[in-house]
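Below is one structure; the comments refer to it alone.
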Amino acid sequence: MVDFLNAFALLSNFVIVPAMTYGSQLALGALGVTLVYGILRFSNFAHGDTMAFGTMVTIFATWGLQSAGVSIHPLPTALLALPVGIAATVALCLVIDRSVYKFYRKSRSVPVVFLIASVGVMFVLNGVVRFIIGPGDQRFADGERFIIKAKAFKKLTGLNEGIAFKTSQGLTIVTAIIVVAALFWFLNRTRSGKSMRAYSDNEDLARLSGINPERVVMITWTLAAVLATIAGVLYGLDKSFKPFTYFQLLLPIFASAIVGGLGNPLGAIAGGFVIAFSEVVVAYAYKKFLTYLVPEQWAPDSLVQLLSTDYKFAVSFVILVLVLLIRPTGIFKGKGA
Amino acid sequence: MSYLSGDNMTGGYGGADILHGCNISVDLGEIAVIVGPNGAGKSTAMKAIFGMLDLREGSVTLNGEEITGLSPQDRVAKGMSFVPQTNNVFTTMTVEENLEMGAFIRTDDISATMEQVYELFPILKDKRNQPAGELSGGQRQQVAVGRALMTQPKLLMLDEPTAGVSPIVMDELFDRIIEVAKAGIAILMVEQNARQALNIADKGYVLVQGRNGYTDTGEALLANPEVRKAFLGG
Amino acid sequence: MNSSTRTIALFTAMAAALVAVGVFQSWPLALAILNLCLISAIMSLGVNIQWGYAGLFNVGVMGFTALGGLAGVLISVPPVTEALQAGGFGIFIALVLISLTIAGAILIYKRLPAGKARNFSMIGVIVIGYFLTRYFFFPAVDAIEAVDSARTGYLGGLGLPIIFSWVVGGVFAAAVAWVVGKIALGLRSDYLAIATLGISEIIIAVLKNEDWMTRGVKNVSGLPRPVPYEIDLQQTLWFQDWASYLGMSPVDFSSVFVKLCYAGLFTVVLLILLWFSERALHSPWGRMMRAIRDNELSSAAMGKNIKGRHLQVFVLGSAVIGIAGAMLTTLDGQFTPASYQPLRFTFIVWVMVIVGGSGNNLGAILGGFLIWFVWVEAEPFGLWLMDVLSSGMAEDSDLRKHLLNSAAHMRLMTMGLILLLVLRFSPRGLIPEK
C-alpha cells in the first residue's frame, strides 16, 4: 500500500502536476489560435510571437515594479505587471489588424494569403522581441517558489516520494480556470460574445442580422491578445522566457487547436490537455515508478522511457497526424477539412 | 404606390445582366410570390431588392423612400428582413440564441417579440435550448423565419422557404406565413413549388429570362392556361 | 518596359550589385554570396513549384533542406568499419523491424473492416513492433556511439563522391514529402502548413539526436569536396603561374578559383532545374496545375484528381529543395544540425518567392538572389545604421551597446516588412507570372 502511494506521489510529481500545468498553458494558447481561426478563418502563425511580445512587455513592467520595490509576496510580481503586458499586446494586435489583415479582409483574399501575411507578422514580431530584449533566456519569477515543498510533503505524509507543487504551477492552473470561465461566460452570456459565435458560425447570416464584422474582428483580436499574453506569462513564470521557445510552442498549440477541432473553444482546451499529457507521459522514465509497483526481481534495469525528451514535440505531431487521418474536424467538430 | 416596389430593375453579378427591366411590388399585409423556370432570375430579383447586388438601372423604394443605394444591413434597419434559402440558421447556437441574434440591431426589450415568435412556432419554444443544427429541416426553416421576424420587419423576404421540406411541412409553413401576413407584414417570396405558392399568393410574378412574363393575382395565374401549360406542368 | 526587358534589367542590376561587392568589398566575398545566392535560387525554385504552380503552402523548407544535408553525410563520408561491425547489424534489423511494423499497421488498416478488432490489432502490432525494435536498436546505438566517440561514434556513409548526394538528397526529401502530402493534402491549406512545420521540426530533432547516424550536435566536418582544395592548388605550378599572370597572390586566387568551381557546378544544376521547371510549367500538366490553383472547385467538378496532382507537385518541389540542401552541405563542407533554423531556412525562402514573383520561375530565381544578397548585406548595414543612430551617445552608454548588439535582429524585421509590403502592394512580385 505504501509502495502504491509512493508510486502515485511520484507520478503526480513528475507527470500529473507538470502535465496539468503545461496543458493549461497550451489550452490558453490554443484558445487564442482557435478564436482567430473561427472568426478570421486562418491559422495565425504569429501567435507564438504575440505571446512572446506580451510576455516581454510584462517582464519589463515586472522589472520596473521590482526596482520600485513593489511586491505582492508570496505571489510573483509579474502578476501585477500583467495588465501592462495585456494592454500593450491588445494595442499591438489591433494595430496589426488595421495595417495588415484588414486589407485582405476587404479584398476577400483566400485564407492562405492571410497565412502568409501572418508569417510576415511573425517575422517582424520575432525581430522586435529579439531586438528589444535579446534572444537569450530571461527569468522573472519571484515570490515564493513553492506552495508545497517535496521535503514538507514527505514529512507530512511519511512517504519516500514527495510532491513539490510550485507556485507557478498552482498559479497557472488557477489562472487558466478563471480565464476560461470568464471567456466562456463572455461567449455564451454576453451580446458581444454571442455575436462572435454567430459570426464564426455563419458569416453571411451574421451580416444579414446586422452584426458588424469589424467590431467582431476587433473583439476577437482583443481576446486573442489577452489570452496570448496570459499564456505567455504563465509559461515564462513556470519555465523561462526565451523568444525562440515561444516560436516553437506554435506546433503544440496548433496541434491542440486542431485535435480539439479548429474554431471550437471547448476543443482547444481539451486538445491542450491531450497534447500536454501525451508529451509528458511519453517522455517520462518509469523506472522508479515501476520499481515501487512490481516485485523486486522484476524491477527494470533501463529507464523505461518510451521516447527521449528530445522528441517530446514529435508527440504533438504524431497526434496531429492521427487526427488528420482519422477525424480532420477534431474531437469536437471544428471547421476543418 | 406600393409599400415596396422595385422598378425597372436591371443588373447582374458583374458579368452579363440577369435582370432586364424587372418590376416587383408588394403591399403591407399582402403575399407576393415570384415563380418561374430555373435561371429566370427569381433569386436575383430578390437579392436586388435586398441590396445584395448592384443595379445598373432602375430603383427600389420602400414606403416611398428611395433605398437603391443602401447596404443590406441598412435595409434591415429600415424594416426589411431576409431569409436566405440555405445556411439560414446559426447551426451551433441554440434556437433562442438564433432569435437573439436576429434582433441584434435592436436595443429595446426583445422578449415580447420572442414570445410572439414562439406563439407562431410553438415547437421552437420546446426546443429553444437545443442547437439549431440538430433540428429537422422544417424546424430549421421555422427558426430561420423566426430569426428574420425578430427585427419586427415591415417586409419579410423569403428565398424558397420550402426547398427540401416534406409537403406536410410545406403546408404548415405556408399557413404560418399567411398568419404573418395577416399581422400586416408585407411578404415577398421566391418559390419553386409554384402551384402551392400561388395558391396562397395575393399577387404572383412569373419571371422569364429576367423579365416580367406574367403578373396577376395568384388565383388568376393559376387559372391562366398559358401559365399552366408553360410553368405549372399543365 | 515589356516583361522580358524588365527581367533582363532586373537580373543585370542584380549582377551589378554582386560585382559592386567584388570591387568595393572583396572578390572572395562576392563569390561566396553568389554561391549562396545560387543555392537560395534553387530552394526558391522548389518552393515556387509548390506555391506558384499549385498554391501549396509549405512551412517545412528547413526540414527538406536538412534531409539534403543528411544525404551529403551518408553518401560522402567513408564508412566507419569498426562501428558497422559493432552495431551495423542491429541498426539494420531495427530499421527492418520498424518498416515491417509500419507496413503491418497500414495493411491491417486497409484490410480489416473498421471497428474494435482493427483498432486493437493495429495497436498490438505497433506496440510489439516498438518493443522489438527497441530491443535491437538501443544496444546497437550504444555500441556504435562507443566507437571512438571523439572522432567518429557513428556509422559513417558510403564513401562515394559527394555530388551523388545531390540526387539522393532530392530523393530523401521527395520520400518524406510523399508521406506528409498523403496525410495533409486534400484538407484545408492550413493543415499542410502546420504538418510541414511539424515534420521539419522533427527532422531536425532526429538529426540532432541520432548520433549513430549524424553524430548529432557533434557535427560531421571535413566532408570531401567535389572541387579541388585551395592548399593543393597553391602548390601546383600552373596555378601559381596563373595567379601571377592575373596579379593575385596564390592564396587569394585559390580561394576565388574554388568558389568559381562551385559556382560553375551550382549554375549547371540551377539551369537544368530551371529548364525542367519551365518545360513543366508550359506543358499541359503545368496548365492543368494552374487551372486547379485558380479554381479548385470547378477543376474538381471537371473530374480532375486534385489531391493526386497536388501530391505530385508537392513531392517534386520538395525534391528540388532537398537537392539544394545537399548542395549547401557540400559547399559548407560540414553538416551541423544545430544550424538549421526555421527563420533562416524556411521563412526567408518564402520571402524570396513572394518578392521574386510567385508562379514565375525566373522571378523565384531573382528573388533567391536578391533576398540572399539583402540578408547578407543587411547585417553590416544594420550595424552601420545603429552606429550612426547611436553616435551621439557616449561610447559606453548601455543603450548604444544594446543597439549595436541587437543590430543582427534588424534583419528579421526587415525581412518581415519586405514580405508584408510586397504581399500588400505588389502581390505579383518583381517578375509577375505571365
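All chains are named by letter (A, B, ...) in the order of the sequence lines, taking the proteins before the strands, and each is independently numbered beginning at 1.
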Exercise for the section: Begin with the C-alpha distance, continue with both residues' side-chain angles, and end with the deciding distance and a verdict on salt bridge (charged side-chain N to carboxylate O under 4.0 Å, His left out) for Glu210(C) and Arg215(C). Expected result: CA-CA 7 Å; Glu210(C) 296 306 315; Arg215(C) 296 194 82 220; over 6 Å; no
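Interface remark: Val351(C) contributes side-chain atoms only to the contact with chain A (heavy atom separation under 4.5 Å). Looking at Leu412(C), the atoms closer than 4.5 Å to chain A (heavy atoms on both sides) sit in the backbone and in the side chain alike. With a threshold of 4.5 angstrom between heavy atoms, Phe138(C) does not approach chain A through any atom at all. Contact of Pro342(C) with chain A is made through the side chain alone, with heavy-atom distances under 4.5 Å. Only the side chain of Arg134(C) comes within contact range of chain A, with heavy atoms under 4.5 Å apart. Residue Leu324(A) touches chain C through both its backbone and its side chain, counting heavy-atom pairs closer than 4.5 Å. Of the atoms belonging to Ile199(C), heavy atoms from both backbone and side chain fall under 4.5 Å from chain A.
Chain A forms more heavy-atom pairs under 4.5 Å with one residue of Ile354(C), Leu197(C), Val206(C), Leu421(C) than with any other, namely Val206(C). In terms of heavy-atom pairs under 4.5 Å with chain A, the best-connected choice from Val180(C), Ile202(C), Leu420(C) is Leu420(C).
Here the side chains of Ser200(A) and Tyr37(A) are not in contact, with every heavy-atom distance at 4.5 Å or above.
Seen from the ring of Phe103(A), Arg424(C) counts as a face-on cation partner, given the 6.0 Å and 45° thresholds.
Salt bridge status for Glu145(C) with Lys218(C): absent, with no side-chain N to carboxylate O gap under 4.0 Å.
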